[in-house]
Amino acid sequence: MNRELWEVLFFMAVGYLMGSVLFGRILPKHFKDMDIEKVSADHNPGTANVMKYAGIPLGLLCLVLDIGKGYLPVLWAASVVGPVRLLFAGVMVAPVLGHAFPFWRDGRGGKAIAVSFGVLLGVLRYSESVWLLAALYLFFSLVFVIRPNERRSVYVFVLFGVVSAVFLFFGGLPGVCVGNMLIAGVVARRNWADARFGQEKEWERERTGDA
C-alpha cells in the first residue's frame, strides 16, 4: 500500500477509537456512580441524558468532549491527507462510527449527534456544511416540529446527505461531500430503530402518560 492509504487508515483508526469512548456513559459512572443507560428512558449514553439525569455541568462537559473527539482527529487528518481526496470521507465517518457502533460494546453506542457536529467543525476551513446541519436541526425543532428526537434526527440527516450529494454533483469537495453522506447514513441508521415510524399514536400515549 502507498503512503497516502496508510495515512488514511491510521487516521480512520484513531478517529474510530476516539469516537468509541462514550463519555456519556463514563462521566456519570465516575462522578455520580450512575449508569445513565439504566436510568434513562431510551437507554442512550448521550449528552442529553447526562444533562437530564446527571446535571447540566456534567452534561456540558460531556458535550464538549463528544464534539472534541470528532473535531480533533479530523482536524489533524485534514492537515495531512487533505479533504479534496475521496479517501478523506473515511476519516470523517470514523469517529461517528466509533460512537454509534463501538466494537468493545458489541455495537451498542450513542446516537452520534454531537460527534457529527465535531467532525464537521473539523473541516470548517474547507466546508461550511456544519451550518447546514445546524439549520436543518433548528428548522425541524422550531418551525416544522418533528418528534420524537430520533425521528427528527433521521429526517435531518437524510436531508443533509441528499444536499451533500447535490453539492458533490455540482463540484463540491469529494472527500467532504462523501464524508457528509456517510455520516448521514450512519446517524440515520443508528436513530432509525427509535424513530417510531408508523407508531405515532403509541408514542403520543407514552409521552402523555395515557393508558
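By convention here, the first residue in the shown sequence is residue 1. Please read these numbers as outputs of a predicted model, since none were measured by experiment. In what follows, every heavy atom counts, from backbone to side chain, and hydrogens, waters and symmetry copies are set aside.
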hydrophobic_cluster_shared for Trp104 and Leu65, side chain cutoff 4.5 Å = no
Return the minimal non-hydrogen interatomic distance between Ile67 and Ala114, and the atom names on each side.
-> CG1-O, 3.7 Å
Taking all non-hydrogen atoms of both residues into account, name the closest pair between Ala77 and Val91 and its distance.
-> CB-CG1, 3.4 Å
Side-chain contact test, heavy atoms from C-beta onward, threshold under 4.5 Å: evaluate it for Ser129 versus Ser164 and give yes or no.
-> no
Taking the side chain as every heavy atom from C-beta outward, state whether Phe157 and Val186 have any pair of such atoms under 4.5 Å apart.
-> no
Would you say the side chain of Ser116 lies within less than 4.5 Å of the side chain of Phe160, judging by non-hydrogen atoms?
-> no
Is Ser153 close to Tyr137 at the side-chain level, that is, under 4.5 Å between some pair of heavy atoms?
-> yes
Between Lys38 and His43, is any pair of side-chain heavy atoms under 4.5 Å apart?
-> no
Output every pair passing salt bridge (charged side-chain N to carboxylate O under 4.0 Å, His left out) with a member in residues 58-69, not counting sequence neighbours, ordered by first then second residue.
-> Asp66-Lys69
Has Phe167 got more than 12 heavy atoms of other residues, nucleotides or ligands less than 6.0 Å from its CZ?
-> no
How many angstroms lie between CD in Glu7 and CG in Leu5, if you round to the nearest 0.5 Å?
-> 9.5 Å
Nearest heavy-atom contact between Gly24 and Val50 is O-CG2, 3.5 Å
Residue pairs involving residues 110-125 (criterion salt bridge (charged side-chain N to carboxylate O under 4.0 Å, His left out); sequence neighbours excluded) | Asp42-Lys111, Lys111-Glu150, Lys111-Asp194
Which heavy-atom pair separates Leu17 from Ser20 by the least distance, and what is that distance?
-> O-OG, 2.8 Å
Just one of Leu121, Val119, Leu120 clears the side-chain contact (heavy atoms from CB on, under 4.5 Å) bar with Val74, so which one?
-> Val119
Met12/Leu97 under side-chain contact (heavy atoms from CB on, under 4.5 Å): CA gap, chis, key distance, verdict | CA-CA 10 Å; Met12 287 180 64; Leu97 270 174; over 6 Å; no
Rounded distance (nearest 0.5 Å) linking atom CD1 of Ile36 with atom OG1 of Thr47 = 10.5 Å
Pairs touching residues 23-35 that satisfy side-chain hydrogen bond (donor to acceptor under 3.5 Å, both in side chains), sequence neighbours left out = Arg25-Glu37
What ring-ring contact (aromatic ring centres under 6.0 Å, His included) pairs are there with at least one residue in residues 48-76, not counting sequence neighbours?
-> Phe10-Trp76, Phe11-Trp76
Smallest heavy-atom separation, Arg190 atom then Ala100 atom, equals NE-O, 3.5 Å
In terms of hydrophobic clusters joined by side-chain contacts under 4.5 Å, are Val187 and Trp131 together?
-> yes
Trace of the side-chain contact (heavy atoms from CB on, under 4.5 Å) decision for Ile183 with Met92 = CA-CA 8 Å; Ile183 290 171; Met92 288 182 63; 4.2 Å; yes
Heavy atoms, side chains only, cut-off 4.5 Å: are Asp106 and Phe101 in contact?
-> no
Examine Ile56 and Met34 and state if one hydrophobic cluster contains both, with Ile, Leu, Val, Met, Phe, Trp and Tyr joined whenever side-chain heavy atoms are less than 4.5 Å apart.
-> no
Quick note, salt bridge (charged side-chain N to carboxylate O under 4.0 Å, His left out) partners involving residues 166-185, not counting sequence neighbours, are none
Does the side-chain contact (heavy atoms from CB on, under 4.5 Å) test come out yes or no for Tyr126 and Val84, once each step is laid out?
-> CA-CA 9 Å; Tyr126 311 95; Val84 175; over 6 Å; no
Quick one: pull up CD1 in Ile146 and OG in Ser141 and give me the separation to the nearest 0.5 Å.
-> 9.0 Å
Any chain of hydrophobic side-chain contacts (each under 4.5 Å) joining Val143 to Leu132?
-> yes
Are any of the side-chain heavy atoms of Phe23 and Val21 separated by less than 4.5 Å?
-> yes
According to the salt bridge (charged side-chain N to carboxylate O under 4.0 Å, His left out) rule, which pairs have a member within residues 74-89, sequence neighbours left out?
-> Glu4-Arg85
Arg108 side chain vs Arg105 backbone, donor-acceptor pair below 3.5 Å | yes
From Leu86 CG over to Leu173 CG, what is the distance, rounded to the nearest 0.5 angstrom?
-> 11.5 Å
What distance do Leu133 atom CG and Phe117 atom CZ have between them, rounded to the nearest 0.5 Å?
-> 3.5 Å
Answer with yes or no whether the hydrophobic clustering places Ile26 together with Leu61; edges join I, L, V, M, F, W, Y residues whose side-chain heavy atoms lie under 4.5 Å apart.
-> yes
Backbone N or O of Ser40 within a donor-acceptor pair of the Asn49 side chain at under 3.5 Å?
-> no
Kindly give the heavy-atom pair with the smallest separation between Asn44 and Gly109, and that separation in Å.
-> OD1-O, 4.1 Å
